Amino acid sequence: MNPRVILGIETSCDETAAALLINGRIVADRTTRQLLHERYGGVVPELASRAHERLLTDAVEGVMRDASVKTDDIEAVAATYGPGLAGALLVGLSFAKGLAAGLGVPFLGVNHIEGHLWSAELTAGPLPLPFLGLVASGGHTLTVGVHGFGRYNRLGATRDDAAGELFDKVGRLLGYGFPAGEAIDKEAMDYNGDPVRFPRARLSDDPLGFSFSGLKTAVLYYLRSRYKSGKSGFELTTEVRASVAAGIMEAVADMLATGLSNACDLADYRALVVSGGVAASRFLRERFSGFAAERGLPLFIPPPEHCTDNGSMIAYAGYRRFNGGWESPLDLSVDPGADLCSNHC
Ligand code: KG4
Ligand code: ZN
């Protein structure tokens, strides 16, 4: 029988998250972003693991309280096994395996990217198949042809930085905190002037691929040739900073659109589905919407709170996985470099 009540746990990076799903619907969801990494300008793996250990029990007990669910009511436990930081993954996975074993219920190891890929179904219901999926986050930027749950056709990926990683790296030059994607997005949205024109990488040997490290270098050179560098980034007026932020968003939007456009030319997709932390960007959501309209494709993007890492997407992918007849063994290990297509595909 399909489990009704599923607990989902996500600890792959710096969000400690848990959620409860009943019959595939979210009844409780708690996410704590670990703010302690801000002062280091990036996620410190050892500190992330320790913080997950400190925060996870509270997150799980919290969602159970929110939904008035008792431990004995839980019928399956899903957790991210990869990709992500090894120590961080270990905390959530071990917790989930221990709980599932103790309760005698199925344990479901979930691929983090698969969680992002299907997160739009949490609010939109069943997605039309096949769809073209773009997952853009701090760790990944890739496109996938999705023909069903677990039926993926890898299309393109970034060959260097992920889109969110680019935002977080140039954010430091611009004096934003960490992570910087949301701040760059807001600044770009509010800006009405002329954005700085940065070059767009063109990959003639890989039309479905992406590359964002050249843009990072272009931003650095642009700033270095014109402005003085201070303690927290370059010394810029608000106007200049906004023109750079808008220029970065424009360039990223164009490069993502080129990869999506080339992917669309190869197959007849019935929808475009965008997810991952970068999909929370209001600037990019507008662009994706324009792109999808041009192509005559329905567009699905989860609400911002389901774009960034969360427990609901893991519980949901676990639910879909279980319904598809997959259950994970209790000796499933963390896989920091897990590939979307290596998991029972
Ligand atoms: O999916 P996610 O929470 O974690 C990973 O799986 O990596 O994505 C985090 C990334 C960060 O790089 C962050 O800067 C970016 O998503 N991000 C955004 C926005 N919110 C988060 N980027 C652009 N606009 C946003 N509003
Ligand atoms: Zn993620």
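Computed from a predicted structure; not experimentally measured. Counting starts at 1 for both ligands and their atoms, in listed order.
Nearest protein neighbour of atom 22 (N) of ligand 1, counting heavy atoms only, is G181 CA, 3.4 Å. For atom 24 (N) of ligand 1, the closest heavy atom belonging to the protein is S281 CB, 3.2 Å.
Annotation for ligand 1: atoms under 4.0 Å from non-hydrogen atoms of F167 are 22 (N), 23 (C). Within ligand 1, counting atoms from 1 as listed, the ones closer than 4.0 Å to a heavy atom of G164 are 12 (O). Which parts of ligand 1 touch V278 is read off a 4.0 Å heavy-atom cut-off, strictly below it: atoms 16 (O), 22 (N). Short contacts between ligand 1 and G139, defined as distances under 4.0 Å to a heavy atom of the residue, involve ligand atoms 7 (O).
Contact between C13 and L85 at its shortest, heavy atoms only, is CA-CD1, 4.2 Å. Nearest heavy atom pair, residue P130 against residue H147, reads CB-ND1, 3.6 Å. Nearest heavy-atom pair across D168 and G181 is OD1-N, 3.6 Å. Taking every heavy atom of both residues into account, S49 and G87 meet most closely at OG-C, 3.3 Å. In this structure, I9 and I314 approach most closely via the heavy-atom pair O-CG2, 3.5 Å. The two residues A101 and L330 have their closest heavy-atom pair at CB-CD1, 3.9 Å.
By the criterion of a heavy-atom distance under 4.0 Å, the side chain of D185, and not its backbone, is placed next to ligand 1.
Checked by atom type, the side-chain pair T80/E10 shows a donor-acceptor distance below 3.5 Å. Looking at S261 and R295, their side chains do bring a donor and an acceptor atom within 3.5 Å of each other.
Within the model, atoms CD of E75 and CZ of F322 stand 9.5 Å from one another, a figure rounded to the nearest 0.5 Å. Rounding to the nearest 0.5 Å gives a distance of 11.5 Å between CG of L117 and OH of Y316.
Counting only protein N, O or S atoms, 3 lie closer than 2.8 Å to the Zn ion (ligand 2).
Nearest to atom 10 (C) of ligand 1 by heavy atom, out of C13, P179, G138, is G138. Ranked by closest heavy atom to atom 15 (C) of ligand 1, the top entry among A136, C307, A163, G277 is G277.
Using 4.0 Å as the threshold, K186 has no heavy atom nearer than that to any atom of ligand 1. Residue contacts with ligand 1 include H112, since one or more of its heavy atoms lies under 4.0 Å from the ligand.
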*asked:* Determine whether S119 and H306 satisfy the following criterion, side chain to side chain donor-acceptor pair (under 3.5 Å), listing intermediate values before the conclusion.
replied: CA-CA 7 Å; S119 54; H306 293 161; over 6 Å; no
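Taking the six-membered ring for Trp, F149 and W118 have ring centres closer than 6.0 Å.
Considering backbone and side-chain atoms together, D168 places an N or O closer than 3.5 Å to an N or O of ligand 1. Ligand 1 has no nitrogen or oxygen under 3.5 angstrom from a nitrogen or oxygen of G276. Below 3.5 Å of separation, one finds an N or O of H116 facing an N or O of ligand 1. At least one N/O-N/O distance between D309 and ligand 1 falls below 3.5 Å.
Within a 6.0 Å sphere centred on CZ of R50, other residues, nucleotides and ligands contribute 12 heavy atoms or fewer.
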